[in-house]
Every structure is written in structure tokens, then in C-alpha cells.
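Okay, structure first, notes after.
Values below: every heavy atom of this structure, side chains too, minus hydrogens, waters and symmetry copies. On a predicted model such as this, the values are computed, not experimentally measured, just so you know.
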Amino acid sequence: QVNLVQSGGGSVQAGGSLGLSCAVLGYPDSPYCMGWFRQAPGKEREGVAAIAKDGSTKYADSVKGRFTLSKDNAKNTLYLRMNSLKPDDTAMYYCAAEWSAYRAHDCPSLLDTTFGHWGQGTQVTVSS
């Protein structure tokens, strides 16, 4: 059984930085596509950033220049470094992964329908 185990996040003041990590457990192969999504209270889930197996990335316009994806293939772990955080970044953040090249043909993708596996969620709170 595949598990995506998230860690990191927390609370920070505006302008600060936080990091998230997502470890893939229970499956030896690297996902075809991985990404981060977030959902704020009362809002729909939105794609934040995604990375394909070839290393190509895609970022939401709202986080470009502030958030950085990286991936450690040896550890099968995805990271998201978040700098210059804003109160609007406050949300529950979810890691996502997909191994099917058919399902994730449009990777890197910020569409949640691309992904079939999800982490448990990690809270990020940015105060003004």
C-alpha cells in the first residue's frame, strides 16, 4: 500500500519561510508525477506546484518566485520550500502523487484529477 507521509509546515509571520516534505512509502518506484495542493477554509482545493519525473516543474502564479519544489529521488521524497509567505498562503497543504503515465499524461499538472494518491495534509498558518 502506498503512503504519502507529510511533515513540516507550522505557523510563521508574514515574510517568513517554512518547508514541507512528502515521503513516498510502500512503493519502490518514483512517481510519474508529484505535486502540492492547498485548501483554505471555505475555498476549493488549488494546485500549488508540481514536478514530473523528468524534473520539469509547474507553479501556480500566486507562488511563482516564492515557492520552490525539489525532489530527492534516492529518498523518494518531495520538498516544498516556501519563502516570503503571505497570510493568503494559509491553508492545509496536501502532497499528491501518481504513477500512471496515462493518468498523469499532462504532468507537471496543477489539476487534482491528475493524482490518485494523497498525503494526510499539513497545516500552514501565516499571520500578518
For residues 7-30, dump all side-chain donor-acceptor pairs below 3.5 Å to protein atoms at least two apart in sequence or in another chain.
from, atom 1, to, atom 2, distance (Å)
S7, OG, S21, OG, 2.5
S17, OG, N83, OD1, 2.8

So if you build clusters from Ile, Leu, Val, Met, Phe, Trp, Tyr with side-chain heavy-atom gaps below 4.5 Å, do W99 and F115 land together?
no
Look up atom OG1 in T114 and atom CZ in R103, then write down how far apart they are to the nearest 0.5 Å.
8.0 Å
Is M34 reachable from L69 through a run of hydrophobic residues whose side-chain heavy atoms are each under 4.5 Å from the next?
yes
Linking I/L/V/M/F/W/Y whenever their side-chain heavy atoms sit closer than 4.5 Å, directly or via other members, would V5 and L78 fall into one cluster?
no
Would you say L4 ends up clustered with I51 if hydrophobic residues are merged whenever their side chains have heavy atoms under 4.5 Å apart, either directly or through other cluster members?
yes
In terms of heavy-atom contacts, E98 and A104 come closest through CG-CB, 3.9 Å
Smallest separation among heavy atoms of Y79 and D72, with atom names
CE1-CB, 3.8 Å
Do E46 and Q39 have side chains that approach each other closer than 4.5 Å (heavy atoms only, starting at C-beta)?
no
Who are the side-chain contact (heavy atoms from CB on, under 4.5 Å) partners of K64, not counting sequence neighbours?
Y59, D61
For the residue pair F67 and W36, is the inter-centroid distance of their aromatic rings smaller than 6.0 Å?
no
With a 3.5 Å cut-off and sequence neighbours excluded, list the donor-acceptor pairs that the side chains of residues 89-97 form with protein atoms.
from, atom 1, to, atom 2, distance (Å)
D89, OD1, R38, NH1, 2.9
D89, OD1, R66, NH2, 3.0
D89, OD2, R66, NH1, 2.7
D89, OD2, R66, NH2, 3.4
D89, OD2, K86, N, 2.8
T90, OG1, P87, O, 2.9
T90, OG1, V126, N, 2.8
T90, OG1, V126, O, 3.3
Y93, OH, R38, NH1, 2.9
Y93, OH, D89, O, 2.6

Rounded distance [0.5 Å steps], OG1 in T68 versus CE in M82
11.0 Å
Can you measure from CZ (R45) to CZ (F37) and round to the nearest 0.5 angstrom?
7.0 Å
Please check: side-chain N/O of T77 versus main-chain N/O of K75, any donor-acceptor pairing under 3.5 Å?
yes
